[in-house]
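What follows is a short report on a single structure.
This chain uses plain numbering: 1 for the first residue, then up along the sequence. All values below were derived from every heavy atom in this structure, side-chain atoms included, with hydrogens, water molecules and symmetry-related copies excluded.
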Amino acid sequence: MQEPTALPSDGSLPSNLDAEVSIIGSLLIDGDAILRIEPFLRPEHFYSEQNAEIYTACRELFMESVGIDQETVRDRLIAKDILEDVGGDAYLSAAVAATPHAVHIVDYARLVHNAYVIRQLGQAGIQINEIGSDYSNTRDVDSAVKAAEEIIFKIGQTYESADFLPIRDARSITEFFDPPRIDDTDESNQPIATGFESLDRVLGGFHRSDMIVLAARPGFGKSTLALNVGLNAAKNGKTVGIFSLEMGIDQVAHRLAAAHARINIQNVRNDHLTPAERDRLSDAYGYLSDMRIYVDDAALQTASTLSAKARRLKLQAGLDFLIVDYMQLISGSSSGREANRVQEVSEISRYLKAIARDLNIPVLACSQLNRAVEQRKSHEPRLADLRESGSIEQDADVVMFIHRDDKNLSEEEWNRRNPTQVYPRGLTQIMIAKHRHGPTANIEMSVRDDLGRFSSISEPGMD
């Protein structure tokens, strides 16, 4: 292929100038070919500024529904007063002459895009080297590592985004008519069972790529229920990640062991155990040690570093289910007094949903409710009660509330209001207020705060 002389020739950075010229030539030959590359190829992906300017002109014509050919592109470049800057008519003609047809334009575009990514990686190396050369970072190694991870993560986002697909290409349709031939034991795409029959009956388990929000006022058992589900998933052989921003890893271990061994959490924490309880706790700790449960108990987390850590765990150990306890303790990227906390929580919500989709795992995120629920006579939570909600309700596939009358009303107050009804001690309703894939419902469950255990009413063992 003849290479026009106006192209840069220093070769100082990775590039594929032949492919760039072939893209321009392909578009001048067949303007409709832009439909095949425009969703993922951007002007900034070109190494040559003149090729980027010509491609920009082509995209502008496309957006304006104007046909793309050598004449219309020439007129647009003249209107922008840059025709001579990009090589003039001779350059456009040379690009056409160098490209016999537009059949391979997608291949050319991917070569150009790949070269761009390599250039970005080189630049990232320089930036990371600068971070490593800054001796002040020795006082804050975690921040330095997170900054380096964020640089690499942003490069990963340069790849093409999804575009329209014909409905016939939906996986549910293609796999119905042509089921994939996989090992029957492969559960990599199966929902994660919560371990609670009544909850699984409504939700069908926690589905891959779903973001599930579990919300309640403080002290109602958000962490307990989340850890119960995580423990049940781990018992079924799943790899579980837990971001515990409120409790340290030892507290998480105490809770998981107490729930499994059915020992009072306070006794475990204070080491006030009978010989029989100590034996059960020893067995529980041994059992937990063999499970694939990973806990990150850093109290200060940003949405971006949380995302990077989840991806790293997926690569290193596999990851089937992620628990975040809880959302409002995560920091967004905005900072300072001008930061809008609602916008920040909305950003966090989007990050969590992106983690669920990108890693193909369910993400269970605990969330606080605002005080409006306490002012309501029934104390029943609503979607509008999600604290600093922003886009939480919008992003979530499932929103569940924990509603407990024994937390809202004392026994004396309950008896005064409901003289004919037994005080609902240890009873709770899991209110499924949003369910993108199915019905909403209220599920009655039992809870033992002292043991850190929830259970379906039909399940034994809650005495």
Side-chain angles (χ1 to χ4, degrees), residues 187 192-200 205-206 214 216 218-299 313 316-326 364 366 402 404 406-407 424-428 430 444-463:
E187 298 184 354
I192 302 297
T194 68
F196 300 107
E197 180 183 351
S198 53
L199 198 57
D200 286 332
F206 289 164
L214 176 62
F220 275 52
K222 296 186 300 295
S223 299
T224 296
L225 182 55
L227 291 178
N228 280 189
V229 174
L231 181 60
N232 290 337
K235 287 179 179 179
N236 287 327
K238 305 302 181 185
T239 302
V240 179
I242 302 172
F243 283 107
S244 180
L245 290 89
E246 195 171 34
M247 295 185 293
I249 188 171
D250 289 326
Q251 290 177 283
V252 173
H254 287 158
R255 287 192 175 218
L256 290 173
H260 179 71
R262 305 187 186 211
I263 302 174
N264 187 297
I265 297 173
Q266 197 66 28
N267 291 345
V268 173
R269 187 175 298 134
N270 297 331
D271 197 23
H272 293 161
L273 301 169
T274 66
E277 288 176 334
R278 189 170 296 279
D279 288 342
R280 296 210 310 274
L281 183 63
S282 175
D283 290 341
Y285 279 144
Y287 186 63
L288 286 175
S289 298
D290 292 332
M291 291 186 176
R292 299 200 299 271
I293 299 177
Y294 297 84
V295 180
D296 185 321
D297 64 357
L313 178 59
Q316 293 175 346
L319 183 60
D320 297 302
F321 179 41
L322 183 65
I323 297 170
V324 179
D325 186 22
Y326 58 92
L364 175 61
C366 297
I402 301 177
R404 296 180 60 176
D406 64 347
K407 291 288 185 178
R425 189 187 312 278
L427 294 179
T428 182
I430 306 301
E444 193 169 58
M445 298 181 73
S446 298
V447 59
R448 286 281 299 271
D449 293 313
D450 57 335
L451 304 182
R453 285 179 63 91
F454 277 77
S455 180
S456 297
I457 293 296
S458 60
E459 295 180 68
M462 293 303 298
D463 296 333

> For V240 and A233, which heavy atoms make the closest approach, and how far apart are they?
Replying inline: CG2-CB, 4.0 Å
> With sequence neighbours left out, which residue pairs that include part of residues 248-270 fulfil the ring-ring contact (aromatic ring centres under 6.0 Å, His included) condition?
Replying inline: H260-Y287
>> Under the rule for salt bridge (Lys or Arg N to Asp or Glu O under 4.0 Å), what residues qualify as partners of D250, not counting sequence neighbours?
In response: none
>> Which residues pass the side-chain contact (heavy atoms from CB on, under 4.5 Å) test with A258, not counting sequence neighbours?
In response: I265, V268
> So do the side chains of L225 and L214 get within less than 4.5 Å of each other, counting heavy atoms only?
Replying inline: yes
> Where do F454 and G221 come nearest, in terms of heavy atoms and distance?
Replying inline: CE1-O, 3.6 Å
> Among all residues two or more places apart in sequence or in another chain, which pass the side chain to side chain donor-acceptor pair (under 3.5 Å) test with D200?
Replying inline: T194
>> Please enumerate all residues that pass salt bridge (Lys or Arg N to Asp or Glu O under 4.0 Å) together with R292, with sequence neighbours excluded.
In response: none
> Does the side chain of F206 reach to within under 4.5 Å of the side chain of V229, using non-hydrogen atoms?
Replying inline: yes
>> Are M291 and L256 packed together at the side-chain level, in the sense that at least one heavy-atom pair is separated by less than 4.5 angstrom?
In response: no
> Should D325 and I242 count as side-chain neighbours, where that means a heavy-atom distance under 4.5 Å?
Replying inline: no
>> Rounded at 0.5 Å granularity, tell me how far CG in D290 sits from CD1 in I293.
In response: 11.0 Å
> If you round to the nearest 0.5 Å, how far is CG of L322 from CD1 of I192?
Replying inline: 11.5 Å
> To the nearest 0.5 Å, how far apart are CD1 in I323 and SG in C366?
Replying inline: 7.5 Å
> Which atom pair, heavy atoms only, marks the closest approach of A257 to L288?
Replying inline: N-CD1, 3.6 Å
> Do D296 side-chain atoms and F243 backbone N/O form a donor-acceptor pair below 3.5 Å?
Replying inline: no
> How would you list all residue pairs meeting salt bridge (charged side-chain N to carboxylate O under 4.0 Å, His left out) that involve residues 272-283, not counting sequence neighbours?
Replying inline: D271-R278
>> So which atom in A259 and which in R453 form the shortest heavy-atom distance, rounded to 0.1 Å?
In response: O-NH1, 2.8 Å
>> Could you measure the distance from the CZ atom of F220 to the CD1 atom of I402? Nearest 0.5 Å is fine.
In response: 9.0 Å
>> For L427 and S446: C-alpha separation, side-chain torsions, deciding distance, then whether side chain to side chain contact (heavy atoms under 4.5 Å, CB included) applies.
In response: CA-CA 5 Å; L427 294 179; S446 298; 4.1 Å; yes
> Closest approach of S223 and R255, non-hydrogen atoms and distance?
Replying inline: CB-NH1, 4.0 Å
> How many angstroms lie between atom CG of D450 and atom CG of N264, to the nearest 0.5 angstrom?
Replying inline: 5.0 Å
>> Any side-chain to backbone donor/acceptor pair from N232 onto A193? Under 3.5 Å, distance only.
In response: no
> How many angstroms lie between CZ in R404 and OG1 in T428, if you round to the nearest 0.5 Å?
Replying inline: 5.5 Å
>> Looking at every heavy atom in both Y285 and A253, which two are closest together, and how far apart are they?
In response: CE2-O, 4.0 Å
